[in-house]
Each structure stands twice: as structure tokens, then as C-alpha cells.
J.: 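Below is the structure I would like to discuss, written out as C-alpha cells.
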Amino acid sequence: MFVIAAIAALIAGGFFYYRAYREARMWREVHVVWGAAQKEKAVAIHHELTQRGIRAQLKTTSAFDITRSMPQSHASIRVHRDDFTRAAQIVLSFTRG
């Protein structure tokens with residue numbers, strides 16, 4: 001019984017590893033911001049990218065910072081690797097102007 005459970009755990013682990021590896025290869029980070037005020041700008045950039053037909057993901061996380069006693073938020077825009085060059089140009093022009 002232990003052998004069957006070990007094989008099932010190996011198969012499940014391999015599946016999750018392959019899924020994470022595939023996602024890391026398919027999506028590239030193009031813009032990262034910290035703070036709630038900057039998060040609105042990241043949402044605007046994500047909207048602009050999707051309006052231009054670029055496959056983009058907006059990932060947000062929050063972490064509690066003990067030294068400041070207020071939560072810190074992190075927003076990351078990831079684009080499909082085939083659209084990376086176009087997206088980088090759009091983000092660069094958007095952040096300049």
C-alpha cells in the first residue's frame with residue numbers, strides 16, 4: 001500500500017512541477033510595481049495591453065510588513081512570450097508619457 005501511495009505522490013509532484021515549468025516558460029514579466037498607488041497604474045497598463053490584443057496576466061499579492069504596520073501590495077504584469085517585444089515597447093511608451 002505504501003508503494004502505491006509513493007507512486008501516486010511522485011506522479012502528482014511531477015504533474016505540478018511540469019505545470020509550473022511550462023507556465024514559467026510561457027509567460028514573461030514585463031512590469032512590476034509596489035504599493036497601492038502604483039497598482040492603479042499597473043491596471044491601466046494591463047488594460048492597454050489587452051486592448052491592443054496582447055495576451056497579458058495581472059498578478060497581485062499582498063504582504064504584511066511588520067516594520068510599517070501596514071500591508072504592502074505587489075502587482076506584476078506578465079505577457080505571453082510571443083508578445084513580449086510588442087508589450088515591452090507599449091509599456092515603455094506608457095511609462096514615459
Side-chain angles (χ1 to χ4, degrees):
M1 191 63 152
F2 176 74
V3 175
I4 294 172
I7 291 172
L10 283 174
I11 290 172
F15 171 74
F16 287 115
Y17 177 78
Y18 171 73
R19 189 171 168 202
Y21 175 75
R22 186 184 66 194
E23 176 151 345
R25 287 184 40 93
M26 290 187 75
W27 299 94
R28 295 184 64 190
E29 202 164 61
V30 72
H31 189 69
V32 178
V33 294
W34 280 94
Q38 295 293 324
K39 195 186 270 188
E40 297 299 323
K41 188 174 185 179
V43 170
I45 292 172
H46 177 259
H47 179 70
E48 182 69 26
L49 290 173
T50 55
Q51 289 295 318
R52 294 191 184 195
I54 294 175
R55 296 168 282 186
Q57 297 177 341
L58 181 62
K59 303 270 185 168
T60 58
T61 58
S62 295
F64 189 75
D65 189 4
I66 295 173
T67 59
R68 296 184 189 168
S69 71
M70 55 189 282
Q72 293 293 315
S73 59
H74 167 262
S76 168
I77 299 174
R78 297 177 184 170
V79 296
H80 195 270
R81 66 179 178 185
D82 297 339
D83 300 331
F84 182 75
T85 54
R86 274 186 38 216
Q89 292 172 351
I90 292 169
V91 168
L92 189 60
S93 68
F94 198 90
T95 54
R96 284 185 186 164

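Values reported hereafter were calculated over all heavy atoms of this structure, with side chains retained and with hydrogens, waters and symmetry mates removed. This is a predicted model, so every value here is computed, not measured.
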J.: Any idea which heavy atoms bring K41 and F94 closest together, and the distance?
T.: O-CE2, 4.5 Å
J.: Using every non-hydrogen atom in the two residues, find where K39 and A75 come nearest and quote the distance to one decimal.
T.: CG-CB, 4.1 Å
J.: Check for me, please, whether L10 and Y18 land in the same ILVMFWY cluster - side-chain distances under 4.5 Å, paths through other members count.
T.: no
J.: For the pair V91 and L49, evaluate side chain to side chain contact (heavy atoms under 4.5 Å, CB included) and give the outcome as yes or no after the intermediate values.
T.: CA-CA 8 Å; V91 168; L49 290 173; 4.3 Å; yes
J.: Any chance CZ of R55 has more than 12 other-residue heavy atoms, nucleotides or ligands included, within less than 6.0 Å?
T.: yes
J.: Under the 4.5 Å side-chain heavy-atom rule for ILVMFWY, direct or indirect, which residues accompany M26?
T.: W27
J.: Show the nearest heavy-atom pair for residues A56 and V79, with the distance to one decimal.
T.: CB-CG1, 4.1 Å
J.: Can you establish whether the number of heavy atoms outside H80 located under 6.0 Å from its atom NE2 is more than 12?
T.: yes
J.: Rounded to the nearest 0.5 Å, what separates atom CD1 in I45 from atom CD in Q38?
T.: 9.0 Å
J.: Would V32 and L58 show up in the same hydrophobic cluster when neighbours are defined by side-chain heavy atoms closer than 4.5 Å?
T.: no
J.: Quick check: does any side chain N or O of R52 sit under 3.5 Å from a backbone N or O of I90, one acting as donor and the other as acceptor?
T.: no
J.: Checking side-chain contact (heavy atoms from CB on, under 4.5 Å) against K59, which of H46, R78, E29 comes through?
T.: R78
J.: Starting from V33 and following side-chain heavy-atom contacts under 4.5 Å between hydrophobic residues (I, L, V, M, F, W, Y), which residues can be reached?
T.: none
